[in-house]
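Quick note: residue numbers are just sequence positions, from 1.
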Amino acid sequence: MIEKLNRRSFLKSTGTTAAIGSLALAGCTENEGTKDGSSSGDEEMTDTLKFYSWGGSTQEALNKHVIEPFEEEYDVTVKQSSFGGQDKMLANVRSSPEGSYDIIMPSTASSYAAAKQGLVEPLRLDNIETWSNLMPVFKDFIVDPGEEIHTAPLYYGTIGMAYNTDHVDDSNDLSWDMTFDQQFKGNVAMEGVPYIRTFTTALKLGMDPNKMAGDAGSYEDGVQKVYDAMAEQHKLVKKYWTSGQELTSLFSNETAYVGEAWGGRILSLQDEGYDNLKYGIPKEGAMGWTDTLAIAKGSKNRYTAEKFIEFAYRDDVIKNLAPEIGYPPATKVTSSDIKALPDFDSSGGENLKFQDMKFKNEHQQEWSQTFEQIKLGNY
């Protein structure tokens with residue numbers, strides 16, 4: 001891991017008194033966060049913050065719109081290191097001594113794993129005044145395994161629907177029913193991940209994808225209906241794609257007219273001039289995902305990390321970050337640039353559906369086995 005020191009030399013924060021500092025010292029040893037994530041006692045800003053984030057364009061955007069402005073306002077030096085994948089990130093946090101990192105960036109599934117494995121601290125929401133800026137769907141984020149809140153969603157994306165307007169009429173509301181339409185036989189592309197297949201199919205059937213309760217109220221009845229619908233759709237599917245490259249190729253060369261997609265990939269194709277390709281969230285909803293900010297277990301700069309999250313949630317900060325990241329913010333702030341992003345949910349988050357990780361872990365082996373049988377024609 002290569003750690004990069006930010007351009008500014010550190011200056012000690014002078015915004016708190018020594019008296020508050022002594023109280024903070026007691027708080028660091030005694031207060032591990034109450035059940036509702038609140039703080040008991042005052043603390044003080046520290047000189048540095050160690051931030052372990054996605055690299056590449058995400059890191060560049062965070063630098064420009066969050067990290068450097070935060071350093072300037074709070075006189076804190078942010079030391080950065082980056083990762084290229086979630087598994088690597090979790091492995092490094094797990095194997096490093098506590099206190100090696102202050103803030104990390106788990107994605108949806110990794111957020112659950114990080115909290116379950118005790119790799120992150122509960123958030124003390126009294127120290128994050130802008131928490132109220134979050135969209136309601138993120139305040140009860142179901143990926144957390146317990147009652148405490150461990151992760152702060154920063155921006156969101158979806159696994160929604162892409163379509164080619166040369167072949168698909170979008171004058172009515174988008175619906176997952178379009179991916180079951182016989183007129184598109186051989187030109188449907190869906191993501192080839194079993195838990196996504198069951199999730200989206202449940203949405204199409206009007207079910208809660210985290211329960212899949214059938215008419216009789218049982219999971220067994222509901223999942224059978226999901227499997228039957230997946231088998232029906234299989235006859236129309238040209239390709240179950242498993243990578244972003246496959247996805248973009250299918251839609252750019254007009255092999256696929258309609259199907260599941262990632263908003264960011266369709267945005268990149270639109271930027272290349274594919275004006276006939278559109279993306280949206282169907283009326284039944286779409287699976288959502290998010291990259292989050294979390295405070296690593298044993299952080300020695302926990303209060304400063306909480307203030308960093310508070311800063312990132314400010315309207316003037318996240319409004320500029322989101323368009324450059326390419327995904328809408330997890331807060332309620334909007335702008336014309338944010339509304340133009342493919343993943344933007346105009347319902348204010350009501351159409352974003354997040355996977356219950358406990359439910360997924362209980363059933364994904366069964367889903368995988370059945371999906372393989374459907375693909376082989378043995379269902």
Residues in side chain to side chain donor-acceptor pair (under 3.5 Å) contact with W262, at least two apart in sequence or another chain: E191
Any residue meeting side chain to side chain donor-acceptor pair (under 3.5 Å) with Y195, in chain and number order, not counting sequence neighbours: none
Classify the side-chain pair [X]/[Y] by whether it contains a donor and acceptor separated by less than 3.5 Å.
X	Y	answer
Y227	E366	yes
D228	Y379	yes
N63	Q59	no
N301	S299	no
N92	Y52	yes
Q233	T179	yes
N253	T255	yes

Euclidean distance, [Y] [atom2] relative to [X] [atom1], rounded to 0.5 Å:
X	Y	atom1	atom2	answer
Y240	F371	OH	CZ	5.0 Å
K50	S100	NZ	OG	6.0 Å
T198	L203	OG1	CG	10.0 Å
F308	F70	CZ	CZ	6.5 Å
M230	T201	CE	OG1	5.5 Å
H167	Y257	NE2	OH	4.0 Å

[X] versus [Y]: any side-chain heavy-atom pair under 4.5 Å?
X	Y	value
R124	D126	no
F199	K353	yes
Q355	T108	no
T77	D47	no
W54	L62	no
K278	I266	no

Listed once per pair and sorted, the side chain to side chain donor-acceptor pair (under 3.5 Å) pairs that draw on residues 318-332, sequence neighbours left out: H65-E324
K116, NZ: over 12 other non-hydrogen atoms inside 6.0 angstrom: no
Q117 atom CD, over 12 foreign heavy atoms within 6.0 Å: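 Yes.
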Of all the heavy-atom pairs spanning [X] and [Y], show the shortest one and how long it is.
X	Y	result
N133	R314	ND2-CA, 4.3 Å
K238	N187	CB-N, 4.3 Å
I196	E260	CG2-OE2, 3.6 Å

N/O donor-acceptor pairs under 3.5 Å from side chains in residues 279-288, not counting sequence neighbours:
residue: Y279; atom: OH; partner: T158; partner atom: O; Å: 3.0
residue: Y279; atom: OH; partner: T158; partner atom: OG1; Å: 2.6
residue: Y279; atom: OH; partner: G160; partner atom: N; Å: 2.6
residue: Y279; atom: OH; partner: A261; partner atom: O; Å: 3.4
residue: E284; atom: OE1; partner: W176; partner atom: N; Å: 3.1
residue: E284; atom: OE2; partner: S175; partner atom: OG; Å: 2.5

Let me check something: do [X] and [Y] share a hydrophobic cluster, defined by ILVMFWY side-chain heavy atoms less than 4.5 Å apart, either directly or through other members?
X	Y	answer
L269	L341	no
I67	M89	yes
M357	L90	yes
V188	V193	yes
V258	L247	yes

Geometric class of the W131/Y313 ring pair [parallel <30°, tilted 30-60°, perpendicular >60°]: tilted
All salt bridge (charged side-chain N to carboxylate O under 4.0 Å, His left out) counterparts of D177, not counting sequence neighbours: K204
Contacts of type salt bridge (charged side-chain N to carboxylate O under 4.0 Å, His left out), residue K307, not counting sequence neighbours: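 Salt bridge (charged side-chain N to carboxylate O under 4.0 Å, His left out) list for K307, sorted by chain: E310.
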Ring center gap for Y156 and W289 short of 6.0 angstrom: no
Ring centers of H363, Y219 separated by less than 6.0 Å: yes
